[in-house]
Structures are given as structure tokens and as C-alpha cells.
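One structure is given here, and the rest of the page talks about it.
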Amino acid sequence: MRRRGARAGRAMPVASAVLAAGCLTAGCLTAAPPAQAWAAPAGAVPSRVADAGGDGAGSGAAGYAFADGIERIRGTATTTGAPALDEDGTYRDAIKKGARLTYRLDLDARTNAYVSAVAVPGPGSKVGTFDSLKVSLQDRNGYDCSSNESRFGSAEFPRPIAAYAHRTMDRSRSSCQEAGRYYVVVERRGEGAAPDAWDLEIRHRLEPRPKAEGPTAAPENWPSASPPAPAGGPRERAGGAGFADATGLTEGEWTDRIEPGQSRFYRVPVDWGQQLFAGADLASSSGGGFVVSALDVTLFNPVQGVVDGSHSLSYDGKQKSADLEPMPPVKYENRFDSSARFTNTRFAGWYYLRVSLSPRVAEEFGRKPYGLTLRINVEGAPQAGPGYAGPAGIFDVTDADQDAAADGRSGTEAAAPDGTMRLVAAAGIGTGTVLVLGLGVWTLLARRRAARAEAPGGGGPAHHGAPTAW
């Protein structure tokens with residue numbers, strides 16, 4: 001199977017060839033440097049501004065790849081002046097140690113609402129067992145519709161962590177059911193972390209209600225025995241650097257390389273009625289030493305809620321394996337259960353795996369890439385969904401999703417034209433500009449030569465064609 005990096009690599013010669021052709025045709029004119037970007041006065045930070053960094057996806061601390069087209073936002077310490085989060089919006093903020101950030105939601109009385117936050121500490125930051133990120137969704141009276149908290153736990157090294165909160169429509173409840181103003185509170189808790197601010201990636205998604213009511217109890221009996229190892233042998237596929245950049249995977253065994261301090265992201269489409277079984281193997285290494293909680297493997301649902309995690313795998317240079325607990329079959333009615341394992345498998349869609357390797361591994365065994373193998377099993381035939389009253393959005397698995405998983409495409413790649421064509425298109429635009437400039441200069445020089453030739457003492461007949469200096 002092709003690596004995503006290899007696809008990008010093949011695109012470059014095509015673009016280079018187009019640009020080279022433009023240079024030969026237009027004379028490789030030197031373009032004027034772009035105007036310097038406008039700089040805000042010192043200390044001025046707008047509440048909202050588009051992030052135009054890099055290829056459209058902001059690049060954060062520790063190499064985290066933020067969502068394409070992410071919007072900058074600034075949460076407030078209180079509800080006063082809290083900025084609004086729009087439906088399907090993705091935002092970037094930062095949170096300091098001990099801080100609380102508040103955002104505003106305007107919800108109807110029909111749909112379920114979800115807000116997630118991904119915290120990205122900087123590389124080399126200090127984090128402790130009880131340092132955490134908490135996300136709460138509250139009504140106007142300060143009542144928690146729901147809240148979730150993610151801790152670093154025993155794996156005390158910086159890596160992206162995520163938590164989410166939701167407002168779920170439920171006729172058996174009296175609170176958080178009305179339309180109107182709601183608030184999202186993001187808190188950074190704990191005393192062990194360094195004071196450096198953590199970057200935040202915030203998402204707001206809506207889920208329509210079913211057209212008709214169905215079961216309201218999660219299944220009591222479901223397959224929990226781990227399936228046999230995936231058949232077909234290992235295939236190579238490089239992980240992404242964030243949730244938006246997560247590499248698509250299908251059932252099978254996948255190999256990758258991971259460096260100490262790095263986090264790799266993958267995503268697997270899981271349809272209604274299906275179960276995901278996942279595990280990760282860290283390859284052996286030369287040298288001696290011992291690292292406690294060296295590898296962290298965490299499974300997230302489509303709205304970045306934690307389904308399960310393995311945080312205590314220690315490493316002594318010998319190969320190690322970590323298996324996640326069996327995931328319940330994806331059911332709409334799972335949301336009515338009290339167990340987090342059920343409530344967090346309440347919808348179909350992309351489920352995400354984040355694999356992080358402790359930077360302490362470099363201290364004991366050397367700074368180098370380490371072999372990583374992912375084992376993915378998706379069990380069960382797809383079943384009919386709940387019959388949403390509106391578009392399912394991300395809470396569905398389409399044929400296009402299955403194709404993206406088979407090809408190893410990330411969400412950003414699946415939503416955009418082929419990377420090669422984007423490069424060629426960009427090269428074409430640049431080449432066209434060079435050609436226009438080149439032809440303009442060619443015409444100007446030719447006319448000047450002709451004018452000099454026709455003038456008294458001009459020195460002979462006019463030249464036709466390109467200037468002789470070319």
C-alpha cells in the first residue's frame with residue numbers, strides 16, 4: 001500500500017516540470033517579493049481570525065497538525081463576552097495553567113450538540129499524573145449538561161489529550177432540553193505541569209434526532225472475545241500528526257515508525273452495529289534501559305471522546321504489545337447507559353487512534369525511529385442507523401469513507417482534490433503569471449528595439465522575434 005508521503009513526493013517532479021517549462025518559455029523572470037503581512041499592535045489579539053499558516057492547517061507545538069482552515073478564537077474567563085462557536089466550526093485557542101475559558105452556544109430544542117477540545121502541550125513541557133483537560137457544557141443556570149475530563153495519568157510526558165461534552169435530547173430529563181443559550185467551559189487542571197500555555201483545537205458538531213424513537217437501553221450481551229490476528233500480512237502506512245490529519249486504516253496489520261516524543265494519529269470507519277478491536281506493538285531495540293509507561297495508545301470516538309486507552313506499557317528494549325479493551329457494538333441506544341464505554345460508542349463514523357511514544361525512550365535507547373505495528377479488526381456486518389431526521393454529517397460511514405480508509409487518506413486529503421493536482425494547479429497558476437510577465441517584457445523590448453532601428457542612426461533594421469539577449 002502506498003505511503004501518503006510517497007504520494008506527495010511523486011507530485012513534486014510534476015510541479016517542478018511545469019515550473020521549469022514556464023521558466024524556459026518566459027525567461028525565469030524574478031518576481032517581486034510578496035508584501036509583508038500586516039502585523040497587529042503589540043498585545044492586540046483579535047477574538048477571531050483565520051489561521052493561514054502553512055498549507056492551511058496550522059502547525060502547533062510538538063508538530064501537531066491543526067485542522068485545515070481553522071479559525072483563531074479567544075475564550076473569556078467568564079460568560080461575559082464569550083465568543084460563539086458555530087455549527088461545524090473548528091477553532092484554535094490556547095490555555096494557561098489553571099485557566100478557565102468560556103465559549104457560547106446557541107442551540108435549538110431538536111438536535112444533540114457536542115463540543116470537544118484537544119490540548120497540545122509544547123515539546124519538552126512538564127506534565128504530571130493529575131494534570132488534565134476538562135470540558136463542560138452548561139445551561140444558563142450553570143448546570144452541567146455533561147462534562148468529561150482527560151488526565152495524563154501514569155504516562156507523564158507531553159502529548160495531545162482530548163475531552164468532550166454534550167447536550168443530549170432526552171424526554172426523561174427536564175434540564176438542558178430547551179432552546180437557547182448554553183456555555184462551554186474548558187479548564188486546565190493540575191499542579192504538576194509547567195506554566196507554558198497549551199494550544200487548543202476546539203470543535204462544535206450537531207447530531208440530528210431520529211425520526212422515531214427506538215430502544216433506550218444498551219445491549220446487555222455482546223461479543224467481547226478478541227478476534228484472531230488480521231490476515232494478509234503487515235502493510236506499511238504512515239500515521240498523521242493530528243485528528244484532521246489522521247491516516248485512514250481498514251482491517252489488517254499496519255506498520256509505521258515512531259520517534260520518541262512523537263504522536264501518530266490513525267482513523268478507522270466503524271458503522272452501526274460494528275465493533276472495533278485494536279492493538280499496538282512496539283518493536284525491540286538495541287541497547288539497555290527501562291522506561292515506565294513508554295507507549296500510550298488511546299481510542300477516540302468521532303467527537304474526540306475517549307473510548308479506551310492503554311497507558312502503562314513499559315519498555316525494556318524487548319518487543320511489547322498493548323491491546324485495547326473490546327469496544328461494544330456501535331448503537332444509538334448506547335448513550336442511555338451509565339458506563340463510559342457505552343456512552344462513548346453512541347454513533348457511527350470515524351474512530352481515532354492516537355499512539356504516543358515517551359521522549360524518555362530516547363534517553364535510554366537512543367533518538368531514532370522505532371518500529372510500530374497496529375492491529376485492526378472491524379467485526380460485524382453494518383446495520384441500519386437510527387434514521388436521523390436530518391443529514392447525519394460525521395455520524396455515518398459512507399462509501400467515500402470506506403474508499404478513503406482503503407487508500408489511507410486523511411480527512412483533509414479526502415475533502416480536497418488530489419495533492420498532485422493541487423501542486424500542478426498551483427504551478428500552472430505560477431507559470432501562467434510568469435508567461436504573462438515574460439510576454440509583456442518581450443513585447444516592450446521588441447518595440448524599443450524597433451523604435452531605435454527606425455530612428456535616425458538607429459543602427460539597422462528592426463529585429464523580429466525574441467530579443468537577441470535571450
Side-chain angles (χ1 to χ4, degrees), residues 1-14 54-68 118 120 123 159-160 201 230 232-269 276 278-285 294-300 319 321-322 350-359 361-362 366-376 378 401-423:
M1 193 63 63
R2 299 189 306 251
R3 292 172 64 99
R4 287 165 49 234
R7 290 205 303 271
R10 283 193 293 272
M12 294 306 294
V14 178
D55 58 358
S59 179
Y64 183 83
F66 286 86
D68 193 23
V118 181
V120 187
R159 61 192 185 279
E201 182 177 61
R235 292 169 284 175
E236 188 176 12
R237 189 163 286 181
F243 283 98
D245 190 44
T247 300
L249 298 179
T250 55
E251 182 171 288
E253 194 174 29
W254 304 94
T255 61
D256 197 359
R257 308 285 281 180
I258 187 170
E259 295 187 4
Q262 187 177 45
S263 290
R264 296 294 234 177
F265 288 80
Y266 312 86
R267 61 180 193 154
V268 182
L276 174 63
D281 297 339
L282 184 61
S284 60
S285 173
L295 189 72
D296 180 276
V297 184
T298 302
L299 175 67
F300 301 86
Q319 64 273 15
S321 180
W350 290 100
Y351 281 73
Y352 297 86
L353 276 168
R354 189 215 62 221
V355 182
S356 304
L357 185 62
S358 171
V361 173
R367 182 164 298 282
K368 58 189 176 183
Y370 291 77
L372 178 67
T373 301
L374 295 175
R375 291 169 280 105
I376 303 295
V378 180
D401 292 333
Q402 298 289 5
D403 290 341
D407 293 340
R409 282 177 283 157
S410 68
T412 302
E413 290 174 327
D418 180 78
T420 299
M421 295 309 297
R422 289 199 303 272
L423 285 169

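FYI, the numbering just counts along the sequence from 1.
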* Would you say the side-chain atoms of Arg159 pair up with the backbone N or O of Ser358, donor to acceptor, closer than 3.5 Å? -> no
* Polar side-chain atom of Asp256 near backbone of Gly239 as donor-acceptor pair, under 3.5 Å -> yes
Measuring from atom [atom1] of [X] to atom [atom2] of [Y], what distance do you get when rounded to the nearest 0.5 angstrom?
{"X": "Trp350", "Y": "Asp401", "atom1": "CH2", "atom2": "CG", "answer": "5.0 Å"}
{"X": "Thr373", "Y": "Glu236", "atom1": "OG1", "atom2": "CD", "answer": "10.5 Å"}
{"X": "Asp407", "Y": "Thr250", "atom1": "CG", "atom2": "OG1", "answer": "9.5 Å"}
{"X": "Gln319", "Y": "Asp281", "atom1": "CD", "atom2": "CG", "answer": "9.0 Å"}
{"X": "Leu295", "Y": "Ser356", "atom1": "CG", "atom2": "OG", "answer": "8.0 Å"}
{"X": "Leu276", "Y": "Leu353", "atom1": "CG", "atom2": "CG", "answer": "6.5 Å"}

* To do: Compute the centroid of each ring, for Phe243 and then for Phe265, and state whether the two points are separated by less than 6.0 Å.
  =>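 Yes.
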Do you know which two heavy atoms are closest between [X] and [Y], and how far apart they sit?
{"X": "Ala280", "Y": "Val297", "value": "CB-CG2, 3.9 Å"}
{"X": "Pro269", "Y": "Leu249", "value": "CD-O, 3.6 Å"}
{"X": "Ala414", "Y": "Arg267", "value": "CB-NH2, 4.0 Å"}
{"X": "Ala294", "Y": "Val361", "value": "CB-CG2, 3.9 Å"}
{"X": "Gln262", "Y": "Arg257", "value": "OE1-O, 4.1 Å"}
{"X": "Val118", "Y": "Pro160", "value": "CG1-CB, 4.2 Å"}

* Under the side chain to side chain contact (heavy atoms under 4.5 Å, CB included) test, residues paired with Ala362 that sit two or more places apart ->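 By the side chain to side chain contact (heavy atoms under 4.5 Å, CB included) rule, Ala362 matches Pro260, Arg367.
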* To do: Apply side-chain contact (heavy atoms from CB on, under 4.5 Å) to the pair Val268 and Glu251, showing each step before the final yes or no.
  => CA-CA 8 Å; Val268 182; Glu251 182 171 288; over 6 Å; no
* Could you give me the CA-CA distance, side-chain angles and deciding distance for Tyr370 and Ser285, then say whether side-chain contact (heavy atoms from CB on, under 4.5 Å) is met? => CA-CA 8 Å; Tyr370 291 77; Ser285 173; 3.5 Å; yes
* **Qualifying residues under side chain to side chain donor-acceptor pair (under 3.5 Å), relative to Ser284, sequence neighbours excluded** =>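 Applying side chain to side chain donor-acceptor pair (under 3.5 Å) to Ser284 gives none.
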* Could you please spell out the steps behind the side-chain contact (heavy atoms from CB on, under 4.5 Å) verdict for Leu282 and Leu357? => CA-CA 9 Å; Leu282 184 61; Leu357 185 62; 3.9 Å; yes
* Full working for side-chain contact (heavy atoms from CB on, under 4.5 Å) between Ile376 and Tyr266 -> CA-CA 11 Å; Ile376 303 295; Tyr266 312 86; over 6 Å; no
